[in-house]
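Note sheet for the following structure.
Each ligand, and each atom within it, is numbered from 1 in the order the structure gives. Note that these values count all heavy atoms, side chains included, but never hydrogens, waters or copies made by symmetry. Residues take their numbers from the sequence shown, with the count starting at 1.
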Amino acid sequence: MTYYSYGYYGGYGDFLANNIYCILLIPVFLLSVWAQFQVSGSFRRYSEKTNRRHITGAQAAEAVLRAHGVYDVNIRSCRGNLTDHYNPKDNTIYLSESVYHVPTIAAVGVACHEAGHAVQYAMGYGPIRIRNAIIPATQFGSKFSFILLLIGLLLYSQPLFLLGIVLFSLTTVFQLITLPVEFNASRRAIETIEGQGLLYEDEIGGAKKVLRAAAMTYVAALLMSMLQLLRYVLIFAGRGGSRGGGRE
Ligand SMILES: [Zn+2]
């Protein structure tokens, strides 16, 4: 069996690049797994706790919209677990079955967060407009970056590899802009929950935990994407430094 020598990859630079990536990958991977567990764990935990005002997810979402003077958004239920989302195309908040009809602390938190996204659209919140504007470029980037990186690597073409990196970085930028969008939706949610008294004081902590865990998954996704980008940049730099030295 033939094994690629370091020379094939481009020398010590690549060896180092791969190792830095592997070392950083462990904490980022652990953070991703931890965040996922936190989301499902906190959602399950606070789905068992009925809120004392008996406000369902649908009612809570409605309250957020009203509090922000938004009246033209539909609220519908959808299948699945943790499938809640706002769809700007049909201007509808979709709440899962365990949120829509259910008067729990978790349902109120999640529903208010999704309503927060609807409010962002209604008010023309800056980061969500930027995020929407770059969606086509991001989709293009995620489609073609991998093939360019692969061709660049196999043909030993630095320009193609660099183009692959640039296209891949669009995904990272998208995930970066997603952060303020998500944090802002949660902030609006909590403000309304407190302002409108949707939950009692001692119940708000549970809703905050659910939303904080959800936000952490976006942070983890961004870190993972940044790490991947770093890996490509290091490989690119390593190959540049040892150009012509590795391949016969
Ligand atoms: Zn969100």
- [ ] With rounding to the nearest 0.5 Å, note down the distance linking CD in Gln228 to CG in Leu149.
- [x] 9.0 Å

Open item on the list: So does Glu97 get a backbone contact from the side chain of His101, meaning a donor-acceptor N/O pair under 3.5 Å?
Closed with: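 Answer holds: no.
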
Open item on the list: Between Asp84 and Tyr100, is the side chain to side chain donor-acceptor pair (under 3.5 Å) condition met? List the steps.
Closed with: CA-CA 9 Å; Asp84 311 79; Tyr100 188 94; over 6 Å; no

Open item on the list: Please determine whether His113 has a backbone or side-chain N, O or S atom lying under 2.8 Å from the Zn ion (ligand 1).
Closed with: yes

TODO: Confirm or rule out an N/O/S atom of Glu114, from backbone or side chain, lying less than 2.8 Å from the Zn ion (ligand 1).
DONE: no

Open item on the list: Does atom CZ (Arg129) have a neighbourhood of more than 12 heavy atoms from anything else shown, all under 6.0 Å?
Closed with: no

Open item on the list: Given the Zn ion (ligand 1) as the apex, I'd like the angle to NE2 of His117 and OE1 of Glu182, rounded to 10 degrees.
Closed with: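 Value returned, to the nearest 10°, is 110°.
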
